[in-house]
Colleague: 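Dropping the structure in here first, questions after.
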Amino acid sequence: MSINVRFAPSPTGYLHIGGARTALFNYLFAKHNKGNFLVRIEDTDKARSTQEAVNAIKQGLDWLGLSPDSEYIFQSDNIEKHKEVVKKLLDSGKAYYCYTTPEELSQMREEAQKQGIQFKYPHIWRDSKETPPKDVKPVVRIKLPKTGETVINDLVQGQVTVANEQLDDFILLRSDGSPTYMLSVVVDDIDMNISHIIRGDDHLNNAFRQYHLFKAIGVDIPKFAHIPLIYGEDGKKLSKRHGALGVEQYQKMGYLADALKNYLCRLGWSHGDNEIFTQQQAIEWFDLKNVGKSPSRMDFKKLENLNASYIKQMDNQELLNIIIPMFGKIDDIAIKRIEKGIDSIKSRATTVNDFTTLCDFYVNRPSFPLSDEKTQKLIKQNSPDILENVANVIKDIDEWSEQNIENTIKLFIEKNNFKFAEVAQPIRATISGTTKSPGIFEIINILGKQETIERLTKLSKNKTDS
RNA sequence: GUCUCCUUCGUCUAGCGGUUAGGACGCCGCCCUUUCACGGCGGAAACAGGGGUUCAAUUCCCCUAGGAGAUGCCA
């Protein structure tokens, strides 16, 4: 039997983090089992579906590297097929027309709520011999067993049983003749030859209904795996406030696709003590058995940590390809500097956005007074003079190297009986404009003699100017 | 309300009858250090509660509490 899974988002918004993880688990499962990962856009609700959302989902999956193994499938393309199935069900007596109106239904629902019982469509038209009212357009309902129980062996949740009394004769076709989600999903899953349905926990209840639809149609029932949802940091349902952002937002915030994937992968799934691993390893290791049953919370701190670690490991050229365009206008000299200094920036950045701020001083000269107060405080009364003297000794370095720069400056400090910090800190402040910089000898070396001298003497010049 | 599911450090989790309950993030301390980081070392921190079953329960069963989802002519 071939393994086929699908990720089935409805295009009513961006691809949020929970959806991304569902897609990821489907993907990993497919690849692990040498099966196919398919994506079906559930756009039967025309009113709420948008093209932008479709694009956002595609781009999101693309960015994450979770592209499907076949073309995207649109549920709305199969509406005729969905209807055909209902016709057959009607013909074989497994479904029936129901003339109860939405108004009547909601009245009954209210009544049930008052009595504290679960509302269930009371089979009015199921076996009715009455002549249907002419002015009511009927819906089509499926006949579900009234007694007994339904058991699903969920690959994540284990054996889940529900009493059939709880199950409703749910609607297959609306009164306007359009198929409902419940119908479309099942027909499409059959059509796509889906072997495993891996989706969010919120669909577990639907699984029982769909189970009977599969049976009524007369096909093998796919395996189900309902993965727990992701909550916000406060344990509440994910909202925009805490992370239910589109994946493109994470991209904008400077997270790496691989880091986000690694993070998502570890949310609700584990492989022993492994925390950081490649996608290839994830594919090798992935097993639904190791998906936990309990919901998990979004933890940005951990994501950040993971992202930082991915940046550290990342290939320099690859990283540059992301960083450089983020500057917009940038000249070759600045690019060269960043290339040279990239390694020590790496250990300081948690996101790629961070990265650009951290190496901004390679691109732009700091302007005085420094915007960062802390850094400005490093510049003392005597700093301009010291810096000018430093500039003077630097000027005489013949062989420009980090080592020679260090030797020269240290000698200068020694000769004048300065404290190291007294000299080093103002240097850092004036040439980098920040307290979060790599070692000063490194950045002086990268900046070059001329540039360093100009930056160092800026202060004393300002002084004489004023 | 009813149904279904869930419950190990603050968070993500390992554990699958006998462990000093392990790891990771975060937090704290120390070391390294010219800043900020990286790194290294160490620390505090958990089996929701109550009953069973068993020689032995974090692990199996039941109850309670708490949380979540579902209960649509939405998906």
Side-chain angles (χ1 to χ4, degrees), chain A residues 8-12 42-45 47-49 75 98 100-102 105-106 109 112-120 137-141 154 156-158 160-163 165-168 170-176 178 180-182 184-185 200-208 226 228-229 231 233 235-237 263 266-276 290 292-306 308-309 312 344-350 358 374-375 378 409-410 413 419-425 427-429 432 434-441:
Chain A
S10 48
T12 53
E42 313 234 308
D43 58 345
T44 45
D45 186 355
R48 294 200 300 155
S49 302
Q75 192 152 62
C98 165
T100 308
T101 63
L105 241 25
S106 63
R109 213 168 266 133
Q113 194 147 41
K114 268 185 206 160
Q115 293 177 29
I117 49 173
Q118 185 181 22
F119 172 72
K120 195 183 147 188
K137 282 192 174 169
V139 298
V140 175
R141 288 182 185 271
D154 192 278
V156 170
Q157 303 292 336
V160 187
T161 307
V162 82
E165 293 101 80
Q166 300 296 329
L167 269 22
D168 214 339
F170 61 91
I171 293 172
L172 262 18
L173 242 38
R174 301 187 186 97
S175 52
D176 67 358
S178 64
T180 60
Y181 157 81
M182 212 65 86
S184 301
V185 167
D201 217 356
D202 48 339
H203 286 289
L204 182 58
N205 291 273
N206 291 336
F208 292 98
H226 289 92
L229 270 17
Y231 298 157
E233 288 184 300
K236 298 259 169 61
K237 199 179 177 184
Y263 173 74
R266 279 287 291 104
L267 213 52
W269 175 85
S270 63
H271 183 263
D273 283 342
N274 295 103
E275 295 286 346
I276 297 181
N290 300 320
K293 288 185 177 189
S294 53
S296 36
R297 301 182 185 202
M298 182 72 199
D299 182 358
F300 275 96
K301 283 276 167 52
K302 191 148 185 173
L303 209 209
E304 275 173 22
N305 173 275
L306 219 43
S309 130
K312 244 169 274 158
S344 39
I345 300 288
K346 267 179 161 180
S347 66
R348 277 158 246 262
T350 60
L358 252 19
K374 256 192 196 164
T375 317
L378 296 178
I409 292 179
K410 281 191 169 160
I413 290 170
K419 281 183 187 144
F420 193 94
E422 206 177 349
V423 176
Q425 292 295 56
I427 292 180
R428 180 188 321 287
S432 80
T434 170
T435 63
K436 299 175 185 175
S437 84
I440 54 167
F441 306 122

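Lettering of chains follows the sequences in order, A, B, ..., and the numbering in each one begins at 1.
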Colleague: With respect to the phosphate group of B:A14, does any side-chain polar atom (N or O) of A:Ser270 fall under 4.0 Å of OP1 or OP2?
Modeller: yes

Colleague: Distance check, P atoms only: B:A65 and B:C27, in whole angstrom units.
Modeller: 38 Å

Colleague: Verify the distance criterion only: is there a donor paired with an acceptor across the side chains of A:Thr12 and A:Arg48 at less than 3.5 Å?
Modeller: no

Colleague: Checking side-chain polar atoms at under 3.5 Å, does A:His226 have a donor or acceptor matched by the opposite partner on A:Asp154?
Modeller: yes

Colleague: If you compare every side-chain N and O of A:Ser432 against the phosphate oxygens of B:U35 (OP1, OP2), does one of them come in below 4.0 Å?
Modeller: no

Colleague: I want to know whether A:Tyr181 and A:His203 have ring centres closer than 6.0 Å.
Modeller: yes

Colleague: Can you give one letter per nucleotide of nucleotides 2-8 of chain B, 5' to 3': B if a protein heavy atom sits under 4.0 Å from the base, S if only from the sugar-phosphate, - if neither?
Modeller: SSSSSS-

Colleague: Any donor-acceptor pair under 3.5 Å between the side chain of A:Arg348 and the base of B:C38?
Modeller: no

Colleague: Check whether any side-chain nitrogen or oxygen of A:Ser296 sits under 4.0 Å from OP1 or OP2 of B:U13, and answer yes or no.
Modeller: yes

Colleague: Does A:Ser437 get its side chain close enough to the base of B:C36, under 3.5 Å, for a donor-acceptor pair?
Modeller: no

Colleague: Applying the Watson-Crick and G-U wobble criteria at under 3.5 Å, what pairs with B:A70? Answer none if nothing qualifies.
Modeller: B:U2

Colleague: Verify, without hydrogens or angle tests, whether A:Thr180 (side chain) and A:Leu172 (backbone) share a donor-acceptor contact under 3.5 angstrom.
Modeller: yes

Colleague: Ignoring hydrogens and geometry, is there a side-chain-to-backbone donor-acceptor pair from A:Tyr263 to A:Phe300 under 3.5 Å?
Modeller: no

Colleague: Counting side-chain heavy atoms from CB outward, which of B:C12, B:C73, B:G22 is closest to A:Lys302?
Modeller: B:C12

Colleague: Could you list the residues that satisfy salt bridge (Lys or Arg N to Asp or Glu O under 4.0 Å) with A:Lys410, not counting sequence neighbours?
Modeller: A:Glu406

Colleague: Any strand counts, and the cut-off is 3.5 Å on both contacts for Watson-Crick or G-U wobble. Which nucleotide pairs with B:U34?
Modeller: none

Colleague: If you check the A:Ser175 side chain, which of B:C73, B:C25, B:A75 turns out closest?
Modeller: B:C73

